[in-house]
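The chains referred to below are lettered A, B, ... by the order of the sequence lines, with proteins before strands, and numbering in each begins at 1.
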Amino acid sequence: MSYTSSTMPELPEVETIKHELSPQIVGRSFTSVIVFDCKIMSGISTAELRRQLIGQAVCGIARRGKYLLFNLSGGQSLVMHLRMTGTLLLNPEALDRHVRAVFGFSNGVQLAFQDQRRLGLIRLVEDAEAVTAKLGPEPLDQSFTPRLLAELLKKRHIPVKAALLDQSIIAGIGNMYADEALFAARIHPLRKADALSTREIATLCHAIRHILRTAIAAEGASVNTYVTPQGHLGSAQFHFKVAHKLGDPCPGCGRPIMRIPVRGRGSYFCPCCQPITS
DNA sequence: CTTGGGACCTGGCTGC
DNA sequence: TGCAGCCAGGTCCCAA
């Protein structure tokens, strides 16, 4: 079976990027800003971006959902979202034609924002909270308990898969990890969120956390475009049981993995291990 | 509140 | 071999 679509950065990939960038960039200040594709920047000219960034230090790099937040010494934040095909690369040897912007730092480090499909975003904001306020809770926080998940899902009469993908309900889960979590919890993606039992929600909660933690330990999933800023391939895709595995035997029962659209998104699951009724 | 659709975007794939 | 057209999906936006 071959992978038919690209992985996009979800929570584990963005967390890995944060982890690799922090020791290189935190405490350093911007010395240069080059923008090759101004579409990536939202609402600010290159000249203005340069004027505001150069000389500012990066106090810290944080992740919220799938957003990467560079907190700056002047109080602003440089917010990046990689969307589908965005990657951040440290000190690239050559600039691919998909590189949209390059930031230089006081220690000589160069950071390239590369994005084949040009859906990624970079924004300079006064307050990162303005961007992240709409996001639901972080699934890896201690506070993300079965009780909280039950609270989030109980009024949602939508497919549970759609609920997991809704960033205002839970932040950071994308298509691949939603499928993996639902398989691990043996829940059909079309089950209504408000119809899950307490036991199913508890299982799903633990599955989400386990899947994400395992993927972070594997430095994310490299199915197509994703690489870490140091250029490593992630290996989380080797742990996948259903995501992007149409027709492969289910690791649970051996029957073929199926794919159905849920809210227009390809959803991989095992009809035998994840029955619609239960 | 929900669903459904389109828009954005481009490379890879399919089918003729 | 060439080319048109479809598809992938994170997020936003609009209509019903």
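- Checked by atom type, the side-chain pair A:Gln230/A:Glu20 shows no donor-acceptor distance below 3.5 Å.
- Between A:Asp37 and A:Arg118 a salt bridge is recorded (basic side-chain N to carboxylate O distance below 4.0 Å).
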query = How does protein contact run along nucleotides 10-16 of chain C, one letter per nucleotide 5' to 3', with B for base contact, S for sugar-phosphate only, - for none, heavy atoms under 4.0 Å?
reply = BBS----
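- Minimum atom distance to the side chain of A:Lys39 is reached by B:dC9, of the listed B:dG11, B:dC9, B:dT2.
- Checking the phosphate oxygens (OP1, OP2) of B:dC1, no side-chain nitrogen or oxygen of A:Arg156 falls inside 4.0 Å.
- For A:Cys272, the side-chain contact (heavy atoms from CB on, under 4.5 Å) criterion is met by A:Cys253, A:Arg255, A:Cys270, not counting sequence neighbours.
- Residue contacts for A:Pro159: at a heavy-atom cut-off of 4.0 Å it reaches the sugar-phosphate backbone alone, with no base atom in range.
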Atom pairs and distances, donor-acceptor, side-chain atoms in residues 25-34 of chain A, under 3.5 Å, two or more places apart:
residue: A:Thr31; atom: OG1; partner: A:Gly104; partner atom: O; Å: 3.3
residue: A:Ser32; atom: OG; partner: A:Gly104; partner atom: N; Å: 3.3

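- One finds a salt bridge joining A:Glu138 and A:Arg64 here, because a Lys/Arg side-chain nitrogen approaches an Asp/Glu carboxylate oxygen to under 4.0 Å.
- Note: CD1 (A:Ile158) to P (B:dC1) measures 11 Å, nearest angstrom.
- Put simply, CG on A:Asp166 is 15 Å from C1' on B:dG4, counting in whole angstrom units.
- Using a 4.0 Å heavy-atom cutoff across all strands shown, A:Gly266 reaches sugar-phosphate atoms only and no base atom.
- Rounding to whole angstrom units, NZ of residue A:Lys192 and P of B:dT2 are separated by 11 Å.
- The separation between A:Leu153 atom CG and B:dT2 atom P is 12 Å, rounded to whole Å.
- For the pair A:Leu121 CG and B:dC8 C1', the interatomic distance rounds to 10 Å; values are reported in whole Å.
- Side-chain nitrogen and oxygen atoms of A:His244 include none within less than 4.0 Å of the OP1 or OP2 phosphate oxygen of C:dA8.
- Atom CD in A:Gln116 sits roughly 16 Å away from atom P in C:dA8 (whole-Å rounding).
- For A:Leu246 and C:dC7, the CG to P distance is 14 Å, given to the nearest whole Å.
- Side-chain N/O atoms of A:Arg97 include none lying less than 4.0 angstrom from OP1 or OP2 on B:dT10.
- Look at A:Asp179 and A:Lys161 and you find a salt bridge, because one of the NZ, NE, NH1 or NH2 atoms lies within 4.0 Å of a carboxylate O, short of that distance.
- Atom CG in A:Leu190 sits about 16 Å away from atom P in B:dT2, given to the nearest Å.
- Taking the charged nitrogens against the carboxylate oxygens, A:Glu200 and A:Arg186 have no contact shorter than 4.0 Å, which rules out a salt bridge.
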